[in-house]
Asks: 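First the structure, which I've put down as structure tokens, then a few questions once you've had a look.
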Amino acid sequence: MKDFYLEILHVDKNCGARYGILHTPHGDVEVPMFMPVGTLATVKTLSPEELKEMGAGVILANTYHLSIRPGADIVAAAGGLHKFMNWNGPILTDSGGFQVFSLAQKRNITEEGVTFKNHLNGDKLFFSPEKAIEIEEKLGADIIMSFDECIPYPASYDYVKKSMERTLRWAKRGLDAHKREDQALFGIVQGGEYEDLRKQCAEELVKMDFPGYSIGGTSIGEPKDVCFKMIDYSVKYLPTNKPRYLMGVGSLDYLLGGIYRGVDMFDCVLPTRIARHGTLMTSTGRVNIKNEKYKLDFTPLDSSCDCYCCKNYTKAYLRHLYVCDETFGKRLLSIHNIRFLIKIMEGAREAIKEDRFEEYMNVTLAAFGDKRGF
RNA sequence: GGGAGGGUAGCGAAGAGGCUAAACGCGGCAGACUGUAAAUCUGUUACCUACGGUUUCGGCAGUUCGAAUCUGCCCCCUCCCA
């Protein structure tokens, strides 16, 4: 598909970080980038206009969730996701592979696919690689994911191997089923923390020649060094001219660590979820806006932030909204957290162009201070 | 004036002799959250010199080995009748 390709414009001389432009049918976006998650065709509490203003490029949506509500046919009848949700930028749909992990208690895996008992009413729902593609074609995102199994951590070598090999077979089946020319189907590298498995998976996927590759099975509770190993063991075997997407990562240290290792795209529910729960990422560290100490704090959340929230509101006001459970508070905090990560990415891109990404990463993390990195 | 029902931790509300420093809810305080079953979940919330100790269930005085729980008196609140 010619409308979709990654144009690498610069690779940092001192590390794997790369700057480029991802061309998609719905516009060009710069990488590395952070993609806000809008599972149900909405980034919770935020409007598309606000997301645009924050500098969001790609938005995620979810195949499993949308297939249940409202149903893929309804989205198709609406003219596809872009029209349905009024987002004319690029959209990426996850395949439901993550739900194989997050809804582990409600599903059964076979070679053919996964049978879910849907989380709302227990209805049976069968997802095969072909079915996932069929739904994703109806949804009509620019970038779509292969149906995989996101395995838990830790997992035994034998299990990871079996699962990865099945995910590979599923990737091939999805690829064969995929017909739409205006969608880029990504393969997902699994293989847990085992280098030989990651290598095998990546190499086999590369043979299938996907327009992009994801690194999956990360950000599910594994230690940071393990996550970085997973990235290294995957990136190493992926082509330089295709986008690399680290799935589910959203804390500062993992994001910067991923960029450092050559990852281009990231998504995570973390900024929006923790915002709704009163936790903010700021340039000087983590803030729990509900804390009593902010009662009389009439300064902005992050004085170096340019978001609508930080430019117009004080911590005391944000705390008040949170304490009163006002929707506007959740909106403002979500705006901030997303803008914060997007701004981190903007800074990363500038740093890469000037071959000083490593320094940027270290300075940013040091200022943040929190050992957990977010 | 007569009758009835009540007073339990910041609030609401269980408890009706030992297992009760006292359920539960709210409020308060703190924490978690990573391809969203998440506007969710967890911990904590009498006091202290805190793997222990000290005072609590309107007040005072009793009964009992032991009382928020039983008895007497007192104070206060609500409702009904005059």
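Order of the sequence lines sets the chain letters (A, B, ...), proteins ahead of strands, with each chain counted from 1. Since the structure is predicted, the reported quantities are computational estimates derived from the model, not experimental observations.
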Asks: Honestly, is A:Lys353 close enough over A:Tyr19, meaning NZ or CZ under 6.0 Å from the six-membered ring centre and within 45° of the axis?
Replies: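 Flagged: A:Lys353 positioned over aromatic ring of A:Tyr19.
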Asks: For B:rU71, give its Watson-Crick or G-U wobble partner with both distances under 3.5 Å, or none.
Replies: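 Matched B:rU71 with B:rA61 under the 3.5 Å cut-off.
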Asks: Side chain of A:Thr279, heavy atoms from C-beta onward: which of B:rA39, B:rG35, B:rC33 has the nearest atom to it?
Replies: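 Between B:rA39, B:rG35, B:rC33, the one nearest the side chain of A:Thr279 would be B:rC33.
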Asks: Can you find a donor-acceptor pair, distance only, under 3.5 Å between A:Asp148 side chain and B:rG35 base?
Replies: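 Counting by modelled atom types and ignoring angles, a donor-acceptor contact under 3.5 Å is found here.
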Asks: May I ask you to evaluate whether A:Asn291 reaches the phosphate of B:rA30, defined as a side-chain N or O under 4.0 Å from OP1 or OP2?
Replies: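 For A:Asn291, the contact criterion (side-chain N or O under 4.0 Å from OP1 or OP2 of B:rA30) is met.
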Asks: In whole Å, what separates the P atom of B:rC65 from that of B:rC51?
Replies: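 Rounded to whole Å, the distance is 35 Å.
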Asks: Considering just the side-chain nitrogens and oxygens of A:Arg273, establish if one lies under 4.0 Å of OP1 or OP2 belonging to B:rU34.
Replies: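 True: A:Arg273 side-chain N/O within range (under 4.0 Å) of B:rU34 OP1/OP2.
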Asks: A:Gln200 and A:Tyr194: side-chain donor and acceptor closer than 3.5 Å?
Replies: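 The answer is no; no qualifying pair exists.
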Asks: More than 12 non-hydrogen atoms from neighbouring residues, nucleotides or ligands closer than 6.0 Å to CD on A:Gln105, yes or no?
Replies: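 Count not over threshold, so no.
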Asks: Please figure out whether A:Ile220 or A:Asp325 has its closest RNA chain B nucleotide nearer the 5' end.
Replies: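 The residue mapped nearer the 5' terminus is A:Ile220.
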Asks: Mapping A:Lys330 and A:Asp94 to their closest nucleotides on RNA chain B, which lands nearer the 5' end?
Replies: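 Going by which nucleotide is closer to the 5' end, it is A:Asp94.
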Asks: Return the value, rounded to whole Å, for the distance between atom CD1 of A:Ile59 and atom P of B:rG35.
Replies: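 From A:Ile59 CD1 to B:rG35 P: 15 Å.
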Asks: In whole Å, I'd like the distance from the CG atom of A:Leu333 to the P atom of B:rA39.
Replies: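 It is 14 Å, rounded to the nearest whole Å.
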Asks: Between A:Asn14 and A:Glu359, does any side-chain donor sit less than 3.5 Å from a side-chain acceptor?
Replies: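 Side-chain D/A pair, A:Asn14 to A:Glu359: absent.
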Asks: What does A:Val323 touch in the nucleic acid at a heavy-atom separation under 4.0 angstrom: a base, only the sugar-phosphate, or nothing?
Replies: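 Sugar-phosphate only.
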Asks: State whether A:Gln99 places a side-chain N or O below 4.0 Å from either non-bridging phosphate oxygen (OP1 or OP2) of B:rU36.
Replies: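 Affirmative; the distance criterion is met.
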Asks: Without decimals, in angstroms, what is the distance between A:Lys293 NZ and B:rA30 P?
Replies: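 Interatomic distance, NZ of A:Lys293 to P of B:rA30: 8 Å.
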Asks: Between A:Asp158 and A:Ser156, do the side chains contain a donor N or O and an acceptor N or O under 3.5 Å apart?
Replies: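 Judged by distance alone, the side chains do not pair up.
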Asks: Give a yes/no on whether any side-chain N or O of A:Arg319 is located under 4.0 angstrom from OP1 or OP2 of B:rC29.
Replies: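 Checking B:rC29 against A:Arg319, a side-chain N or O does come within under 4.0 Å of OP1 or OP2.
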Asks: Is there a donor and acceptor pair closer than 3.5 Å between the side chain of A:Thr272 and the base of B:rU36?
Replies: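 When only heavy-atom distances are counted, A:Thr272 does reach the base of B:rU36 through a donor-acceptor pair under 3.5 Å.
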Asks: Using OP1 and OP2 only, check whether a side-chain N or O of A:Asn288 sits under 4.0 Å from B:rG31.
Replies: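 Answer is yes, contact under 4.0 Å.
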Asks: Atom CZ of A:Phe116 and atom P of B:rA37: how far apart are they, to the nearest Å?
Replies: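 To the nearest whole Å, that distance equals 10 Å.
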Asks: May I ask whether A:His65 stacks on the base of B:rU36, given the cut-offs of 5.5 Å between ring centres and 30° between planes?
Replies: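 No; by the centre-distance and plane-angle rule, A:His65 does not count as stacking on B:rU36.
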Asks: Measure from CG on A:Leu60 to C1' on B:rG35 and round the result to the nearest Å.
Replies: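 Going from CG in A:Leu60 over to C1' in B:rG35 covers 7 Å.
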Asks: Considering only the C1' atoms, how many Å lie between B:rG17 and B:rU63, rounded to the nearest integer?
Replies: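 After rounding to an integer number of Å, I get 11 Å for this pair.
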Asks: Under 4.0 Å, counting only non-hydrogen atoms across every strand here, what does A:Gln105 touch: a base, just sugar-phosphate, or nothing?
Replies: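 Counting heavy atoms under 4.0 Å across all strands, no contact is made by A:Gln105.
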Asks: Taking only the side-chain heavy atoms of A:Ser219 (C-beta and beyond), determine which of B:rA37, B:rU40, B:rU34 contains the nearest atom.
Replies: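 Looking only at side-chain atoms, A:Ser219 lies closest to B:rU34.
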Asks: Given B:rU34, B:rA39, B:rU36, which nucleotide is nearest the side-chain atoms of A:Leu270?
Replies: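 Nearest nucleotide to the side chain: B:rU34.
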Asks: For B:rG1, give its Watson-Crick or G-U wobble partner with both distances under 3.5 Å, or none.
Replies: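 Checking every strand shown, B:rG1 finds its partner in B:rC81, with both distances under 3.5 Å.
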Asks: Which one is paired to B:rU34, where only Watson-Crick or G-U wobble pairs with both distances under 3.5 angstrom count?
Replies: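 Pairing partner: none.
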Asks: Would you check if A:Tyr153 and A:Val226 make a side-chain contact, meaning some heavy-atom pair closer than 4.5 Å?
Replies: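 They are in side-chain contact.
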Asks: Taking the P atom of each, how far is B:rG3 from B:rA14, in whole Å?
Replies: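 Going atom to atom, P in each nucleotide, I get 27 Å.
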Asks: Would A:Thr299 and A:Lys315 count as having a side-chain donor-acceptor pair, cut-off 3.5 Å?
Replies: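 Yes, because at least one side-chain N or O of A:Thr299 sits under 3.5 Å from a partner of the opposite role on A:Lys315.
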Asks: For atom C1', what is the distance between B:rG72 and B:rG18, given to the nearest Å?
Replies: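 These two C1' atoms come out 24 Å apart once rounded.
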Asks: Round to a whole Å and report the spacing from CZ of A:Arg107 to P of B:rA37.
Replies: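 Interatomic distance, CZ of A:Arg107 to P of B:rA37: 13 Å.
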Asks: For the P atoms, the ones on B:rU44 and on B:rG25, what distance do you get once it is rounded to whole angstrom?
Replies: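 Between the two P atoms, the distance is 13 Å.
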Asks: A:Gly217 near the nucleic acid: base, sugar-phosphate alone, or nothing, with a heavy-atom cut-off under 4.0 Å?
Replies: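 The residue A:Gly217 makes base contact.
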Asks: Roughly how far apart, to the nearest Å, are B:rC26 and B:rA13 at atom C1'?
Replies: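 Taking atom C1' in both B:rC26 and B:rA13, they lie 10 Å apart.
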Asks: Under 3.5 Å, is there an N or O donor on one side and an acceptor on the other linking the side chain of A:Lys290 and the base of B:rG28?
Replies: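 A donor-acceptor contact between them is absent.
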Asks: Rounded to whole Å, please give me the gap between CG in A:Leu246 and P in B:rU34.
Replies: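 Rounding to the nearest Å, CG of A:Leu246 and P of B:rU34 are 14 Å apart.
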Asks: Taking B:rU8 as the reference, what is the distance to B:rU78 when you measure between their P atoms (whole Å, please)?
Replies: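 These two P atoms come out 14 Å apart once rounded.
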Asks: Measuring to OP1 and OP2 of B:rA37, would you say a side-chain N or O of A:Ser102 lies under 4.0 angstrom away?
Replies: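 Yes, such a contact exists.
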Asks: Could you give the CZ-to-P distance, from A:Phe34 to B:rG35, as a whole number of Å?
Replies: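 Between P of B:rG35 and CZ of A:Phe34: 9 Å.
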Asks: If you measure only the distance, is there a donor-acceptor pair under 3.5 Å linking the side chains of A:Asp267 and A:Tyr245?
Replies: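 The criterion, which ignores hydrogens and geometry beyond distance, is satisfied for A:Tyr245 and A:Asp267.
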Asks: Using the P atom in both, what is the distance from B:rA61 to B:rA68, to the nearest Å?
Replies: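 Between the two P atoms, the distance is 15 Å.
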